[in-house]
Amino acid sequence: MDKNFQEEFMQIIKFEPPLYKQRHQFVRDLVEKYKPKKVADLGCADCRLLWMLKFCSCIGVLAGLDICANAMKEKMYTLSPLPVDYLQPSERSLTITLHHGSVAHKDPCMLGFDLVTCIELIEHLEESELNKFPDVVFGFMAPSIVVISTPNSDFNPLLPGVMLHRHPDHKFEWSQAQFQSWALETARCYDYSVEFTGVGDPPTGMEKVGFCTQIGVFIRKYPPSGLSVQSETPTEAVYKTIFKVVYPSLKDEKYLQNAVISEVIFTAQIIKRRLMSKREEYGDDPGRKSKFQLSMDCFSDQLGKLVVEKNMEPFVSGNEVYIPLATIFSFPKVNQLCGTFEKLCKLIAGKVTLSNDGSAVMFSIEHENEEN
Amino acid sequence: TAGLQVSSGLQDLSLRHRGGHRRDFHDIGINTRQAMAHVRESKTGFSGRMVRLTTNHFRLTSRPQWVLYQYHVGYNPEMEARRLRSVLLLQHEDTIGKTHAFDGTILFLPKKLDNKVTELFSRTRSGEDVKITVTLTNELPPSSPTCLQFYNIIFRRILKMLNLQQIGRNYYNPGDPVCIPNHRLMVWLGFSTSILQYEESIMLCADVSHKVLRGETVLDTMHSLHCEVGEERFRDACAKELIGLIVLTKYNNRTYRIDDIDWDNSPKGTFKKSDGSEVTFVEYYRKQYNIEISDWMQPVLISQVKRKMGNIQGPVILIPELCFLTGLTDKMRSDFNMMKDLAIHTRLPPEQRHREVGRLLNYIQKDDNVQKELRNWGLSFDYKSVSFTGRVVQGERIFQSQSTFDYNPQFADWTKETRGVRLIRAVPMDRWLLIYSRRNCDVANTLVQCLFKVTPSMGICMKKPDMIEVDDRTETYLRVLKERVTHATNIVVCILSSSRKDKYDAIKKYLCTDCPTPSQCVLARTLSKPQTIMTVATKIALQMNCKMGGELWSVEIPLKHVMIVGIDCYHDTVSGKQSVAGFVASLNQAVTRWFSCCIVQSRGQELVDGIKACLESAIRNWSKWNNCLPSRIFVYRDGVGDGQLNTLINYEVPQFLNSLKSFGTDYRPSLTVIVVKKRVGARFFAEVGGGLKNPPPGTVVDTVVTRPEWYDFFIVSQTVKNGCVAPTHYNVVYDTSQLKPDHVQRLTYKLCHMYYNWSGIIRVPAPCQYAHKLAFLVGQSIHKEPDVALSDKLYYL
């Protein structure tokens, strides 16, 4: 079911940006405000909202649930990491999981979330499912925030061609009063507070009908208790995981190590090249020195500033160039990645050729053979 | 050593960027064979010994009586959005079934619907009733060209299911990259795949592909360029380094080609969104992707999108900070150390390459979802690659003056055998110039001494050169050339201190156009090693001799009155706009002398316009040398991009035929046009003693993995030290010679022996390599047509 299309038919009342985008933006603003770490989208369909949320840097865990596996499968690859995510692993860790299942069933994989969104979901539920829904979401999952959006039937007369419901799969559409009474009752029952808002402004003069999409934001009143309701009924996994990706992250030692080694060697190479070209410049053809020297100096500016202590100076001995780790560590990128000098040493141990005392990166100057 | 590169600036850069955004990369549906009666029955050769080969092709099999049902899907009222069309149709999954492929108009199903026309009714949310009419338009047999498209769609679906990442045309596994921190490179292993109709069956051709990704953004590269070249040359350097490169963006999975850099724009600039509102780049990326652009002063990149993507039309603007570079620049390609480090990871030996490809098939076989998808469609693969027999044709006998010799077929190289043997034609060096800078005085003297040692046995009569010491500036070189080069000068040798391109270009330009004289540039570094200096001097002597019109060796060419033509193209991707077609044609019976000319044309078109004029002057020159007109003409055409075959056949071949007409109606030579392709997906592995090895040079394949609608064959002519040898594909698109396929194959192989810059067999026929060299020199350095006075010499070597 693709709920994002319905508005395309509302030719007369046209929302700009489209209503589904407004709903997604609403969720995103909420995320920016509350900075949840774990977010679940129930009824995630084509994963569009999840895709949008993966760019929010506060989120470390994203989960989607839908009753229709095909809808998710169609677009789930949009949630995969991009090549660039591997090239430049991010600071944060991010795991995205998609589950196939019903919101009328409890599954432990849905525990521990900070925010659960149910965007245009409840109106698709059969009565029996709707009856179980509050217990699953508010009682079992019990996140700090729940967002529920649903069509506002008070608005329907303004929509051309809508006879009964906006979509044939809708089992009901609630008026503002109906939704609010259901929401207030639910909130009361599970100890949440609820505030009502919406997206899709009514035309001027008709403010009474309310937003086209009505939204309830539920905030849990009691503090997180660790083990609460779920301990009484140990539940088994009933959802089927159909997709799971773990984004490359610097939190993962493997990626951090790669990033550090790469940065260390690259930095050392730059220093070595500057050192060598300086030697070469001085070595022959003194006539041309002045002109080249200029650009060379601006090149090594950063290096010059950093090399303050004598023992940080790179040097050549025999057939080897030595670049002190201390110098490399003083480069901002390396510094930022490792944090401490000890960490740097630990990460590159055995992966980068070091001098005997382990204080410098060592390169052979067995010269850059252009021919073999 | 055999791999020596003597001249500076002559690094063999392969042509980048052919094809571009074209749909049909495989030239499906072009049937050239049916027009050639003599190969309609059989296009196979017979000579040589048999060799057992395995390849990287896997049969695609379908259920018996398999049919694919193609439906047209219409909407009433008409629905515009593709997504919407799809959603409305898929509401009826119970009717059309769970297995389907739908692109918005055409629906493929593995099962036939009950009726030829099925009417379905969907209701949109606004209550609008939509009638969907699903009409059967075709029942496709497995080998139908439409099915091929379908197979490739399904296969892409499968690769996605295997969690492989698409970059460009290929799919890569991001999970286990190889990092090369020395150069800030990351290599992803992946696969290039295609499903095509081959000789007897439909097969998947899968090859290992390596994607080189760079751990730096375009902005990083700009910063280091700025440090390297300074303010003054900065913009030029950026253009040179970046234009033509493919970038990946940080926020989506698209690749873009950098076509230009807009220095007047910045992330603070605005653009119009699809809804018509204006937004700055900074704001857009913040809102859309939560990305903060840190440098607001950077310029922006322009990418000309050829096909319409969604609502975006016209150029796409990219922010350097958000773009990562892929692939290698020319500069990197010429970095020997970098290429060496890369080769360790990318040059897989035969056994390993075959295993890596097998791994893909293994994934397919093991993945339940993939197997289910294939089963639903009634398709499956043979998980073992196809094996068959090829032929290894006999090695050629090399003739050089009075002596003849055979080379070791295993190495395909006769450097040793040719040592101390007189050349077929040694051009004396009576008057020649040697120009060098003061600091290279010693190497200049060494070079002269060594040349005196190596030239006598070749039969080259050499006098002392005019030794001219200059200061190391381009202007000085040019001044000396103007003062000292005369008509009597045989050749000019310049020793250069660095591989700085501008100096090389200036020298070549002057000596190719203003004052046509053969020239040889040598890097001082090349001459500085005592242990290799004799080898280097030998190579230089041979190369200079060729540039002055000398001849080194020959092979037996059994055909009489034959003229062989080679054509290749060079596209200037940087300053854009210019393409050069190099054209060479043999002048004598032994095919040891070559006429050349080239066409410089604006705008990057692959197929050449001025070819008619080239062929006419080639024939005129041939007749001057032989006192008659050639009765057989063979054209080896390299540099034809994927998907351009049709244009070549409809446009270029008629040009050849046209130019023959200008020699009178009686003149009816036979014409054979052969398209040469070096970049092909096919790989062959010789089954030797239970293991897999590279097939030996001279391996010919003209069955099983060739295309039924073409008169085509593969030859493995060269050897490689590391990795897998790549076969060259030859497609005879036009042939009135009546020669047997075997003879065309043998002639082609013979010509791979005739490239004078390499005493061994090369990958393509010599005329192609000569044409490539010529086009490269003109395209890179000279930028206009060289003087005709040089046209009978290999001055471009």
Side-chain angles (χ1 to χ4, degrees), chain A residues 1-11 16-17 46 52 55-57 70 74 77-78 80-88 159-168 170 245 248 258-259 261-266 269-270 284-285 287-288 294-295 298-301 352 368-372, chain B residues 1 3-5 81 83-84 87 90-91 93 98 122-128 160 163 165 167 172 174 177 179 181-184 186 188 211 213-215 217 224 227-230 248-253 275 288-291 324 326 336-337 340 437 439 471-472 497 499 523 525-526 529 532:
Chain A
M1 193 57 35
D2 199 317
K3 55 208 176 197
N4 297 343
F5 293 110
Q6 56 178 304
E7 284 81 23
E8 291 186 27
F9 298 95
M10 301 180 185
Q11 292 300 324
E16 195 52 55
D46 65 358
M52 195 168 169
F55 293 101
C56 296
S57 50
N70 274 348
E74 192 80 10
Y77 300 107
T78 57
S80 296
L82 298 172
V84 169
D85 292 319
Y86 290 94
L87 282 175
Q88 209 181 46
L159 301 171
V162 173
M163 315 296 269
L164 179 61
H165 296 146
R166 297 183 193 175
H167 190 277
H170 286 182
V245 283
N258 273 342
I261 292 169
S262 159
E263 207 53 46
V264 164
I265 294 188
F266 186 75
Q269 287 275 4
I270 292 177
D284 42 50
D285 205 2
R288 298 196 57 228
L294 215 74
S295 60
C298 98
F299 193 29
S300 48
D301 219 26
V352 178
E368 336 256 270
N369 281 333
E370 239 123 295
E371 294 88 19
N372 55 358
Chain B
T1 53
L4 272 181
Q5 277 260 326
R83 284 202 309 168
L84 182 57
V87 164
L90 298 189
Q91 284 178 12
E93 259 191 3
K98 279 215 179 307
S122 292
R123 176 174 282 194
T124 67
R125 291 218 161 179
S126 56
E128 192 177 11
K160 261 190 182 171
N163 271 323
Q165 284 258 2
I167 303 180
Y172 298 89
C179 296
N182 272 354
H183 310 289
R184 255 199 188 183
M186 200 185 257
W188 282 10
K211 190 77 199 169
L213 299 169
R214 293 162 64 185
T217 64
S224 37
C227 292
E228 218 171 296
V229 303
L248 277 169
T249 55
K250 214 168 172 167
Y251 43 86
N252 64 18
N253 198 13
D275 62 12
Q288 188 76 13
Y289 301 106
N290 232 21
I291 297 174
F324 280 73
T326 72
F336 180 80
N337 285 302
K340 203 171 75 181
S437 67
R439 73 156 116 164
D471 68 42
D472 204 8
S497 311
S499 44
L523 271 180
R525 219 178 20 231
T526 320
K529 282 181 218 96
T532 56

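Lettering follows sequence order; numbering is per chain, from 1.
In this structure, A:Val264 and B:Pro181 have side chains that are not in contact, with every pair of non-hydrogen atoms separated by 4.5 Å or more. B:Gln288 has its side chain out of reach of A:Met52: every pair of non-hydrogen atoms, C-beta onward, lies at least 4.5 Å apart. Counting only heavy atoms from C-beta outward, the side chains of B:Ile167 and A:Pro83 approach each other to under 4.5 Å.
With a 4.5 angstrom heavy-atom cutoff, B:Asn252 touches chain A only via backbone atoms. Of the two parts of B:Lys211, neither the backbone nor the side chain holds a non-hydrogen atom closer than 4.5 Å to a non-hydrogen atom of chain A. Only the backbone of B:Thr249 comes within less than 4.5 Å of a heavy atom in chain A; its side chain stays farther off. Residue contact with chain A, scored on non-hydrogen atoms closer than 4.5 Å, involves the backbone and the side chain of B:Pro174 alike.
Residues A:Cys56 and B:Asn290 share a closest heavy-atom pair of CA-ND2, 3.5 Å. B:Lys250 and A:Leu82 get closest at one heavy-atom pair: O-CD1, 3.4 Å. Taking every heavy atom of both residues into account, B:Asn163 and A:Ser80 meet most closely at OD1-OG, 4.4 Å. Residues A:Tyr77 and B:Lys160 share a closest heavy-atom pair of CE2-O, 3.1 Å. Smallest separation of non-hydrogen atoms from B:Met186 and A:Leu87: SD-CD2, 3.6 Å.
In this structure A:Phe55 satisfies the ring pair (Phe, Tyr, Trp, His ring centres under 6.0 Å) test together with A:Trp51, B:Tyr289, sequence neighbours excluded. Annotation: ring pair (Phe, Tyr, Trp, His ring centres under 6.0 Å) contacts of A:Tyr86 (sequence neighbours excluded): B:Trp188.
Ranked by heavy-atom pairs under 4.5 Å with chain A, the list B:Lys340, B:Lys98, B:Gln165, B:Glu93 is led by B:Gln165.
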